[in-house]
Amino acid sequence: MANDLTFSGDSARAGQRSGGAGLARRVLRGSLLPLCVLALLAGAGAALDAAGALPDVLRYLWRWSPALLLGLGVNVGLSALAMALGTVLGLFVGALSLSPLRAVRALARGYVQVFRNAPILVLIYFTTYVFPFELRLFSWSVEFPDWIKVVVGLALPASANVAEIFRGAVQSIPGAQWEAAQSLAFRRWQIFRMIVLPQCVRRMLPPWMNLYASITMSTALASLVGVHDLVDTATVASNTVARTDFTICVYFTMLALFFAYCYPISRWTRRLEARHVRH
């Protein structure tokens, strides 16, 4: 049994190294093509705009495209910060939900139930108006930005979902692995760190990526509380140009930008899920 356990750990570490290198190569290859396409489109658009060969609606869209891309960057930043905060908080709550103390488990599960079943828009409004608009430190006043409140509002449901993902991953590990490691004089923390946690990370990654894509799409609600993101930029562009054809075009562009960012995440998630099923 000791030889089997050692062999499994060595092969798992080797697989992680080769899998990580393969993933890095695939990401690098996959990122070069979109960058080349974007560069070609940028050059062609600039040339057509300078020559006056673009239709009016496309010319307006081309001139607003840098602002739209910056707005998308705001949405991506909000989702990344929300998922980082939600992941840290969710792992902590998930660990509490596995506590041997009934009161601690009840508290953690109550947190999960509340924030998993609360509408995200309600949570964003909640954090926007519960937190102060400025913080007073002695004689100084420090503004409390709206984007931080949006990050907190998105991190709360993310943390509840991460807690459930973590709890499910830990409980999916067969009890025989715990018993085998204990028979080899491993301590509980060593079992969790060396045997259970690597398997949990692999099982948590696909649902975590799905959750990240969902949080990214939910950042479109940030414009409702004053954050200048992609949706707000598209609204400003539509009101400034004041043409029906441009309004339709700019909102289709906004939809395409969100799709272009979230669709590769869903594809990678499916590949990870298929790999996990094979193994």
Side-chain angles (χ1 to χ4, degrees), residues 34 38 57-58 60-87 89-90 114-131 133 143-162 164-165 206-270:
L38 286 176
V57 63
L58 294 181
Y60 289 130
L61 182 62
W62 173 254
R63 293 175 181 177
W64 277 95
S65 59
L68 294 173
L69 291 175
L70 288 176
L72 179 63
V74 172
N75 290 93
V76 172
L78 291 175
S79 64
L81 290 174
M83 279 303 297
L85 179 60
T87 299
L89 184 57
V114 168
F115 290 113
R116 280 191 74 190
N117 296 291
I120 293 180
L121 180 58
V122 173
L123 291 175
I124 290 177
Y125 276 123
F126 173 79
T127 54
T128 299
Y129 293 107
V130 165
F131 290 109
F133 290 95
E143 184 181 359
F144 200 78
D146 290 331
W147 66 267
I148 295 181
K149 301 175 184 179
V150 171
V151 167
V152 175
L154 293 173
L156 291 175
S159 64
N161 284 280
V162 169
E164 280 295 278
I165 293 171
W208 186 93
M209 292 176 66
N210 270 329
L211 178 61
Y212 173 67
S214 177
I215 292 296
T216 301
M217 291 182 285
S218 298
T219 57
L221 300 172
S223 62
L224 299 177
V225 292
V227 177
H228 188 61
D229 65 340
L230 176 58
V231 179
D232 188 62
T233 303
T235 303
V236 172
S238 174
N239 294 335
T240 302
V241 177
R243 288 180 49 153
T244 303
D245 54 352
F246 177 75
T247 298
I248 296 173
C249 185
V250 76
Y251 280 108
F252 266 113
T253 302
M254 180 180 66
L255 177 63
L257 288 175
F258 272 112
F259 178 81
Y261 184 76
C262 294
Y263 180 71
I265 298 175
S266 67
R267 295 293 300 174
W268 291 341
T269 302
R270 290 185 180 180

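Computed from a predicted model, the values in this text were never measured in an experiment. What's counted below: heavy atoms across the whole structure, side chains too, no hydrogens, waters or symmetry copies.
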Does [X] reach the side chain of [Y], with side-chain heavy atoms less than 4.5 Å apart?
X	Y	answer
N161	F115	no
T240	Y60	no
L224	L221	yes
L68	L61	yes

Which atom of [X] lies closest to which atom of [Y], heavy atoms considered:
X	Y	result
W208	I165	N-CD1, 4.1 Å
F144	I148	CZ-CG2, 4.1 Å
L123	G153	CB-O, 3.8 Å
A82	A158	O-CB, 4.4 Å
A237	F246	O-CE2, 3.4 Å

Can you name the residues that form a side-chain hydrogen bond (donor to acceptor under 3.5 Å, both in side chains) with [X], not counting sequence neighbours?
X	answer
S238	T247
S65	none
R267	none

Supply the atom-to-atom distance [X] [atom1] to [Y] [atom2], rounded to the nearest 0.5 angstrom.
X	Y	atom1	atom2	value
M217	F259	CE	CZ	11.0 Å
L154	T127	CG	OG1	8.0 Å
M83	L85	CE	CG	10.5 Å

Heavy atoms from other residues, nucleotides or ligands near CZ of F126 exceed 12 (cutoff 6.0 Å):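 Incorrect, the count does not exceed 12.
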
Inter- and intrachain pairs under side-chain hydrogen bond (donor to acceptor under 3.5 Å, both in side chains), touching residues 143-160, at least two apart: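 Those involving residues 143-160 are Y111-S159.
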
Excluding sequence neighbours, so at least two apart, what forms salt bridge (charged side-chain N to carboxylate O under 4.0 Å, His left out) with R116?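 Here the qualifying residues are E164.
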
Side chain to side chain contact (heavy atoms under 4.5 Å, CB included) assessment of V227 paired with D232: CA-CA 7 Å; V227 177; D232 188 62; over 6 Å; no

Cut-off 3.5 Å, no hydrogens considered: what does the side-chain donor-acceptor table look like for residues 69-80, sequence neighbours left out?
{"unit_1": "N75", "atom_1": "OD1", "unit_2": "L230", "atom_2": "N", "d": "3.0"}
{"unit_1": "N75", "atom_1": "ND2", "unit_2": "T219", "atom_2": "O", "d": "3.3"}
{"unit_1": "N75", "atom_1": "ND2", "unit_2": "T219", "atom_2": "OG1", "d": "3.0"}
{"unit_1": "N75", "atom_1": "ND2", "unit_2": "D229", "atom_2": "OD2", "d": "3.2"}
{"unit_1": "S79", "atom_1": "OG", "unit_2": "N75", "atom_2": "O", "d": "3.3"}
{"unit_1": "S79", "atom_1": "OG", "unit_2": "V76", "atom_2": "O", "d": "2.7"}
{"unit_1": "S79", "atom_1": "OG", "unit_2": "Y212", "atom_2": "OH", "d": "3.2"}
{"unit_1": "S79", "atom_1": "OG", "unit_2": "T216", "atom_2": "OG1", "d": "3.4"}

